[in-house]
Amino acid sequence: MIRPYILAETNWKSVSSTEYDVAVLPWGATEAHNYHLPYATDVMECDAVAAESARRAWIAGARVIVLPTVPFGVNTGQLDIKLCLNMNPSTQAALLGDLVRALEGQGIRKLVVLNGHGGNDFKQMIRELQPRTSVFLCSLNWYTCVDPAPYFDEPGDHAGELETSVMQHIAPDLVLPLSEAGDGSQRKPSIVGLRERWVWAPRPWTRVSKDTGTGNPAQATPERGARFFEAVTARISGFLIELAAADMDRLYE
């Protein structure tokens, strides 16, 4: 069945007769995810979260259109891992700018960047781009919009319990048995500020993790993934519904 809120599936007959309130641009990455998850984990998660959130919003009357997911993210710390594909922030900024200009010319005035990769950060891009466009721009990380603590014993940072559980829910055929997974252990920085995370620096991934994961997936289950996915998409769809109805001239009162 054609989903009218997914641009890749719909058609000009539908698009030409629909006035869209909000566009959603999912943005993932292509990178190793421990031994047991596929390279496109971030892309698949973004696809699924965006689609379900838009479905819920569409049913409620918000005209949301989900753009094709960008499959490449910032992976400058993984350049020595085979087939981790990097897109520099400056390239991302250029791509985002091109897409925003296209949407603006077509009368779409609200864009949500739905991020699914920890290496991506759109805040500074949006700060620079916003004064040059009438399109309202915002971004959110789907994996942090709901507190994961009630859902997981040890959520993990990358390919851990959270991501593994979500993938077991949305794409179980692509997840290897957990007996195949590494434990996701990571080496800690020797400098206190970095170790306590009040100082930030990019992590050279192969020095941090032996299996490319950071976070133990051992307790992951599809049931945990389903519960978290439900909570995340309910929250994001609520935001899309509010944003669709919002008068941007009265955003702050």
Side-chain angles (χ1 to χ4, degrees), residues 2-29 42-43 46-74 87-145 232-253:
I2 294 172
R3 296 177 291 179
Y5 45 85
I6 304 295
L7 181 58
E9 296 180 8
T10 194
N11 48 70
W12 173 235
K13 183 175 183 179
S14 174
V15 168
S16 62
S17 60
T18 303
E19 185 173 342
Y20 296 102
D21 301 312
V22 179
V24 177
L25 177 61
W27 207 309
D42 291 347
V43 179
C46 271
D47 282 343
V49 170
E52 177 60 13
S53 301
R55 184 192 70 81
R56 288 168 173 258
W58 187 275
I59 290 172
R63 289 299 166 255
V64 176
I65 190 70
V66 177
L67 310 182
T69 300
V70 180
F72 306 120
V74 177
M87 179 180 281
N88 284 330
S90 56
T91 310
Q92 290 184 317
L95 177 56
L96 181 61
D98 285 350
L99 295 176
V100 168
R101 281 185 286 275
L103 295 173
E104 183 174 26
Q106 294 154 10
I108 296 174
R109 290 291 180 259
K110 300 166 185 175
L111 175 66
V112 178
V113 181
L114 179 70
N115 181 42
H117 171 58
N120 296 337
D121 187 351
F122 297 97
K123 288 182 182 179
Q124 299 309 318
M125 299 177 204
I126 290 174
R127 289 182 192 277
E128 184 172 345
L129 183 56
Q130 188 65 86
R132 304 200 303 266
T133 180
S134 62
V135 179
F136 171 79
L137 304 172
C138 63
S139 67
L140 68 91
N141 299 330
W142 73 261
Y143 48 89
T144 61
C145 72
V232 165
T233 55
R235 188 163 210 192
I236 294 175
S237 64
F239 168 69
L240 295 176
I241 292 165
E242 277 195 284
L243 181 60
D247 179 348
M248 305 316 290
D249 292 329
R250 297 183 176 180
L251 187 59
Y252 300 96
E253 295 181 342

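Starting from 1, each residue takes its place in the sequence as its number.
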Task: Step-by-step side-chain contact (heavy atoms from CB on, under 4.5 Å) determination, Asn120 to Val113 - done: CA-CA 11 Å; Asn120 296 337; Val113 181; over 6 Å; no
Task: Check: Asp47/Thr69 side-chain N/O donor and acceptor closer than 3.5 Å - done: yes
Approximate separation, where rounding is to 0.5 Å, of [X] [atom1] and [Y] [atom2]:
X: Asn115; Y: Cys145; atom1: CG; atom2: SG; answer: 11.5 Å
X: Ile108; Y: Glu19; atom1: CD1; atom2: CD; answer: 10.0 Å
X: Ser237; Y: Arg55; atom1: OG; atom2: CZ; answer: 9.0 Å
X: Phe72; Y: Asp42; atom1: CZ; atom2: CG; answer: 13.0 Å

Open item on the list: Can you confirm whether Ser53 sits close enough to Leu240 that some side-chain heavy atom of one is under 4.5 Å from a side-chain heavy atom of the other?
Closed with: yes
Open item on the list: Within the 4.5 Å heavy-atom criterion, are Leu103 and Leu67 side-chain neighbours or not?
Closed with: yes
Given 3.5 Å as the limit, does a donor-acceptor pair link the side chain of [X] with the main chain of [Y], or not?
X: Asp121; Y: Lys123; result: yes
X: Asn141; Y: Tyr143; result: no
X: Arg3; Y: Ala51; result: no
X: Trp27; Y: Val43; result: no
X: Thr10; Y: Leu7; result: no

Where do [X] and [Y] come nearest, in terms of heavy atoms and distance?
X: Ala57; Y: Val64; result: CB-CG2, 4.0 Å
X: Gln92; Y: Gly73; result: NE2-CA, 3.8 Å
X: Ile241; Y: Ala60; result: CD1-CB, 3.5 Å

Task: Test side-chain contact (heavy atoms from CB on, under 4.5 Å) applied to Leu114 and Val66, step by step - done: CA-CA 10 Å; Leu114 179 70; Val66 177; over 6 Å; no
Open item on the list: Under the salt bridge (Lys or Arg N to Asp or Glu O under 4.0 Å) definition, can you give me all pairs with a residue in residues 98-111, not counting sequence neighbours?
Closed with: Asp98-Arg101
Task: Partner set under side-chain hydrogen bond (donor to acceptor under 3.5 Å, both in side chains) for Arg63, not counting sequence neighbours - done: none
Atom [atom1] of residue position [X] - does it have more than 12 heavy atoms of other residues, nucleotides or ligands inside 6.0 Å?
X: Gln130; atom1: CD; value: yes
X: Glu9; atom1: CD; value: yes
X: Ile2; atom1: CD1; value: no

TODO: Among Thr133, Leu243, Ile126, Val135, find the residue that satisfies the side chain to side chain contact (heavy atoms under 4.5 Å, CB included) test when tested with Leu111.
DONE: Val135
- [ ] Evaluate side-chain contact (heavy atoms from CB on, under 4.5 Å) for Gln106 paired with Tyr20, printing each intermediate quantity in order.
- [x] CA-CA 10 Å; Gln106 294 154 10; Tyr20 296 102; over 6 Å; no
